[in-house]
There are 2 protein chains.
Amino acid sequence: MQSCKFFGYLARAAPGVRPQLTNHYNMALTYYKTEDQVLLAVDCIIFGFDEEELKLVLVKRSMEPERGKWSLIGGFMKKDEDLDQAAARVLETLTGLSDIYMEQLYAYSKVDRDPGQRTVSVAYFALIDVASHQFEGVQLETAQWFPLSQAPHLIFDHNAMVEKAVARLRRRAMTMPIGFELLPEKFTMRQLQALYESILDKKLDKRNFINKFKSLDVLIRLDEKDMTVARKGAYLYRFDKEKYDRKVEEGFSFKL
Amino acid sequence: MQSCKFFGYLARAAPGVRPQLTNHYNMALTYYKTEDQVLLAVDCIIFGFDEEELKLVLVKRSMEPERGKWSLIGGFMKKDEDLDQAAARVLETLTGLSDIYMEQLYAYSKVDRDPGQRTVSVAYFALIDVASHQFEGVQLETAQWFPLSQAPHLIFDHNAMVEKAVARLRRRAMTMPIGFELLPEKFTMRQLQALYESILDKKLDKRNFINKFKSLDVLIRLDEKDMTVARKGAYLYRFDKEKYDRKVEEGFSFKL
DNA sequence: CCGGTTAAGTGTGAAAAACACACGATCAAT
DNA sequence: ATTGATCGTGTGTTTTTCACACTTAACCGG
């Protein structure tokens, strides 16, 4: 945006001081040096859907102490990357998955949240379709899908992170037709409804649901049918990303 | 929650390693040492309302270079405080205001967002009633209220922060009767409506607005009238925090 | 090949919420 | 006493939401 933004924080901290051009750099160094630095972690709440229910990935700690304790996957942000990149890297490193929908959730910063060292953690949540994104790699010997309702106690403040992520996912689901990230490319209405039911944790009426979605006009009904699911077979649908994006720009609302 | 959470990140980073109980601490130190630390800043978007329109506080940088550039108020988080505390401290230091509604907004982390040094900034937004919270102190020689629509270009990514804060405020206003923070304790319906109109940036119908709020049942009409505002005088209302909190727990929705 | 079984697809009417809309009341100032 | 400014109020219309039950297609087994 601007060219020289060097004294942003300096200006605020010492508004009376008027440094000369000759020593900007030193002053900044001096100033910054007095400030504390902290470790910045990212933790990922990875939601998945597998035709039945909403799940999340947890990793089991395999060593003492705390053997048997579960945790979100996480890692530290490096100096040469931003938080989004760190979250994507952590996800890829630990699951082999890339190009996944991720969204920043909240920064957790309680002083004693990590007894090891002062760490601030920024939680991210990710959405993936379980079936079409099988994990690869040994890292995940310890990782496991948990049905949301059966998630165990987690270390640190990870349970709070999960709760907040669920709340966010729920709000997203109710206000915009998110959730396609959680389904395969082609899906049936039944699957979509099951997804919404498990996100919102309540039963929805079949007809009202389909009507609502039809009126949103972001689905394309294909000529194919999924014959495995019923004698009669169920139409497959595809998400119309273009129409969706156009509607997002127009700022459409959506209520379930 | 649990007692010994020490190896949370270690476990994830090196799942194959199984440290002995005797050297937990050293291993953790070694591990943590290899990770980068960064400066963590907080920047505050301070919204205010003064009977007419929505404003925000900006501080003018008074020294070269960048003289005349505006910025949000901000500062760095210290090791012995969390982000909420840091935000409250920054707000109090620079404006003398304490006990103000604040909410974490988003963490900004682009590598080059602050050319001075690698800094991640967590934005907070605050809501205050301009009239009953006059600034004190010299610090604010450089601070100034700006009507939202007339806010200037800001340093770094501060404009993006403001945009996001406005979006959040708008969503809040539409889904829960927030905004009482922005009004004096007693207020007229007209003021409340003017506030909502300036948050949502559109005209609302007087009768529908009052009906909507009446049906929410979180306002108490006082016997007093504000006679300055019209010949006839306008009823004063008070926010019923108890009822409101009860409703929030029941998870009420609200749409404007 | 025919009847039985299973899940899919489909539309309407009632209730609730949202919206548009206009005029009389009050009091101060002149 | 008249004027002017602004407050306060209620109803009818439209839109959205919700509840609800039967027919259809295809496979399966006898």
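Here is the naming used below: chain letters follow the sequence lines, and residue numbers restart at 1 for every chain. Reckoned from all heavy atoms, side chains included, excluding hydrogens, waters and symmetry mates.
- A tilted orientation is assigned to the rings of A/Phe213 and A/Phe209, their planes being inclined by 30° to 60°.
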Criterion salt bridge (Lys or Arg N to Asp or Glu O under 4.0 Å) on B/Lys186 and B/Glu224, from CA distance to verdict: CA-CA 10 Å; B/Lys186 298 172 183 178; B/Glu224 290 176 81; 2.7 Å; yes
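- A heavy-atom distance below 4.0 Å to DNA chain D is reached by these residues of residues 192-223 of chain A, ordered by number: A/Asp205, A/Arg207, A/Asn208, A/Lys212.
- In this structure, A/Lys55 forms no cation-pi arrangement with A/Phe146, as its terminal cationic atom is not both closer than 6.0 Å to the ring centre and no more than 45° off the ring axis.
- Comparing B/Arg231 and A/Lys225 by the nucleotide of DNA chain C whose heavy atom lies nearest to each, the residue mapping closer to the 5' end is A/Lys225.
- A/Glu185 meets the side-chain hydrogen bond (donor to acceptor under 3.5 Å, both in side chains) test with no other residue; sequence neighbours excluded.
- With no hydrogens or angles considered, no side-chain donor-acceptor pair links B/Tyr108 and A/Asp82 at under 3.5 Å.
- Between A/Phe239 and A/Tyr237, the gap from one ring centroid to the other reaches at least 6.0 Å.
- Rounding to the nearest 0.5 Å gives a distance of 5.0 Å between CG of A/Leu105 and CZ of A/Arg168.
- No side-chain heavy atom of B/Glu181 sits less than 4.5 Å from a side-chain heavy atom of B/Ile100.
- The footprint of chain B on DNA chain D, defined by a heavy-atom cutoff below 4.0 Å, extends from D/dG4 to D/dG10.
- Rounded to an integer number of Å, the gap from CG of A/Asp226 to C1' of C/dT6 is 15 Å.
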